[in-house]
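Everything below concerns the one structure shown next.
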Amino acid sequence: MNKILVIEDDVALNNGIVLSLKQENYDFTQSFTFKEAEKYLSETEFDLIILDVNLPDGNGFDLCKKIRQYSSTPIIFLTANDMEIDVVTGLELGADDYITKPFSLMILRARVSVLLRRTKRISSDDKIIIGHFVFDFDSMSFYKGNDKIELSKTEQKLLKVLIKNRGTVLTRSSLIDKIWTDDAEYVDENALSVTVKRLRDKLEDNPVKPQYIQTVYGIGYTWVVDKHG
């Protein structure tokens with residue numbers, strides 16, 4: 001089931017979007033503020049984001065820019081402003097579509113469907129290149145420069161979650177839930193620490209002073225976004 005995050009401060013419109021699209025069997029998370037959206041984005045990997053430009057505590061363009069630092073999740077902008085400069089700004093920041101209010105929910109449904117189909121085709125080739133790393137999760141081939149890296153299934157899961165959410169701090173509990181899924185409640189937290197250490201030993205130039213997988217004390221871990229990715 002596709003997970004959709006709706007970020008819209010107009011409660012009636014937010015609920016209307018969800019009600020309209022629910023018949024398509026999507027799983028929805030509703031957010032009404034910039035800060036709330038950031039929290040959900042740090043906890044969950046979404047398949048599509050519907051984002052209002054004007055939020056009570058921030059700007060949708062700023063949030064889009066932040067998301068694009070670590071994720072290629074499709075984004076549809078909603079706005080009351082149809083000025084050409086805003087359309088161009090949204091698309092240049094990495095938005096995939098742009099709908100001006102008021103709009104037909106039927107048209108929104110169609111555009112959501114098209115974007116999700118397109119993303120599904122692209123994601124079938126699950127190959128990610130970051131700096132001198134090449135991570136191919138389809139073929140389970142992982143390289144650091146010309147050196148092949150052997151990763152366990154658990155290490156692969158952790159790596160995938162971290163790089164799909166790079167730039168975002170992921171809590172220890174959310175990582176355990178994502179990696180061990182059904183058995184998460186029975187997993188010792190030490191298992192995550194051990195997996196992180198093993199992954200650092202294989203990827204980092206200096207595992208003691210990690211450049212990529214960094215600890216955010218008291219919270220969890222993050223794959224750092226820098227000029228190398």
Side-chain angles (χ1 to χ4, degrees), residues 1-8 17-18 21-22 24-51 60 63-77 93-97 112-130 133 135-138 140 142 151 153-185 187 192 195-196 199 203 212-216 219-225 229:
M1 184 180 290
N2 288 302
K3 295 181 179 179
I4 299 177
L5 175 62
V6 182
I7 309 167
E8 165 61 64
I17 290 170
V18 172
L21 294 173
K22 259 187 176 174
E24 305 294 338
N25 201 30
Y26 300 135
D27 181 34
F28 290 95
T29 298
Q30 292 176 263
S31 172
F32 303 92
T33 66
F34 189 108
K35 188 174 181 181
E36 191 177 40
E38 285 189 304
K39 174 180 178 293
Y40 291 135
L41 287 163
S42 71
E43 297 172 344
T44 305
E45 188 175 337
F46 293 96
D47 299 293
L48 178 74
I49 299 167
I50 298 174
L51 173 59
L63 183 56
C64 177
K65 188 176 181 180
K66 190 169 185 179
I67 293 169
R68 282 293 175 259
Q69 291 180 328
Y70 61 85
S71 173
S72 58
T73 301
I75 296 174
I76 298 178
F77 266 126
L93 286 173
D96 297 87
D97 206 345
V112 165
S113 180
V114 167
L115 272 179
L116 288 173
R117 283 202 305 272
R118 185 196 306 165
T119 306
K120 189 175 182 181
R121 288 198 301 271
I122 294 171
S123 64
S124 62
D125 180 19
D126 210 352
K127 185 175 181 179
I128 299 170
I129 299 173
I130 302 175
F133 290 112
F135 303 132
D136 190 335
F137 292 95
D138 278 345
M140 290 185 289
F142 308 95
L151 299 179
K153 288 290 181 65
T154 303
E155 289 162 359
Q156 289 178 38
K157 286 182 179 179
L158 173 59
L159 174 62
K160 191 170 187 177
V161 173
L162 287 171
I163 62 178
K164 288 282 188 179
N165 295 277
R166 53 191 182 273
T168 297
V169 178
L170 299 169
T171 64
R172 290 182 62 87
S173 60
S174 70
L175 283 169
I176 290 171
D177 287 342
K178 290 173 187 293
I179 296 164
W180 283 276
T181 57
D182 294 340
D183 300 321
E185 60 184 299
V187 174
L192 177 60
T195 306
V196 169
L199 196 54
L203 299 181
Y212 303 102
I213 305 169
Q214 293 194 357
T215 301
V216 180
I219 303 176
Y221 301 95
T222 183
W223 183 286
V224 176
V225 174

Discussion item. I need the L203 CG to L159 CG distance, nearest 0.5 Å.
Written reply: 6.0 Å
Worksheet item: Do you know the tightest heavy-atom contact between A95 and C64?
Response: N-SG, 4.1 Å
Fill in: Name of the residue among D47, D27, V112 meeting side-chain contact (heavy atoms from CB on, under 4.5 Å) with I4
V112
Worksheet item: At their closest point, which heavy atom of S31 faces which heavy atom of A37, and how far apart are they?
Response: OG-N, 3.1 Å
Practice prompt. Determine whether the aromatic ring centres of F142 and F137 lie less than 6.0 Å apart.
Written response: yes
Item to complete: Rounded to the nearest 0.5 Å, what's the gap from CG on L51 to CG on D97? Could you check?
Response: 12.5 Å
Worksheet item: Less than 4.5 Å apart, any side-chain heavy atom of T215 and any of Y221?
Response: yes
Worksheet entry | The single option from L116, V6, L48, V18 passing side-chain contact (heavy atoms from CB on, under 4.5 Å) against Y26 | L116
Worksheet item: Would you call K66 and E38 a salt bridge, using N to O less than 4.0 angstrom?
Response: yes
Worksheet item: Between OG1 of T195 and CG of L175, what distance do you get to the nearest 0.5 Å?
Response: 10.0 Å
Fill in: Pairing of D96 and R68 as salt bridge, 4.0 angstrom limit
yes
Item to complete: Could you tell me whether a side-chain N or O of T222 sits under 3.5 Å from a main-chain N or O of Q214, the two making a donor and an acceptor?
Response: no
Practice prompt. Could you tell me whether the side chain of W223 reaches within less than 4.5 Å of the side chain of I213, counting heavy atoms only?
Written response: yes
Fill in: Student check: side-chain heavy atoms of K160 and I128 closer than 4.5 Å
no
Worksheet item: Among all residues two or more places apart in sequence or in another chain, which pass the side chain to side chain donor-acceptor pair (under 3.5 Å) test with Q156?
Response: none
Worksheet item: Residues in ring pair (Phe, Tyr, Trp, His ring centres under 6.0 Å) with F32, at least two apart?
Response: none
Worksheet item: How long is the gap from CG on L170 to CD on E45, to the nearest 0.5 Å?
Response: 9.5 Å
Response to the item:
Between the CD1 atom in I7 and the CG atom in L63, the distance rounded to the nearest 0.5 Å is 5.0 Å
Response to the item:
Rounded to the nearest 0.5 angstrom, the CG-CD distance for L41 and E36 is 11.0 Å
Discussion item. I'd like to know whether T29 forms a side chain to side chain contact (heavy atoms under 4.5 Å, CB included) with T44, so could you lay out the CA-CA distance, the side-chain angles of the two residues, the decisive distance to 0.1 Å, and finally the verdict.
Written reply: CA-CA 10 Å; T29 298; T44 305; 5.8 Å; no
Discussion item. Looking at K178 and L158, would you say the former's side chain and the latter's main chain have a donor-acceptor pair under 3.5 Å?
Written reply: no
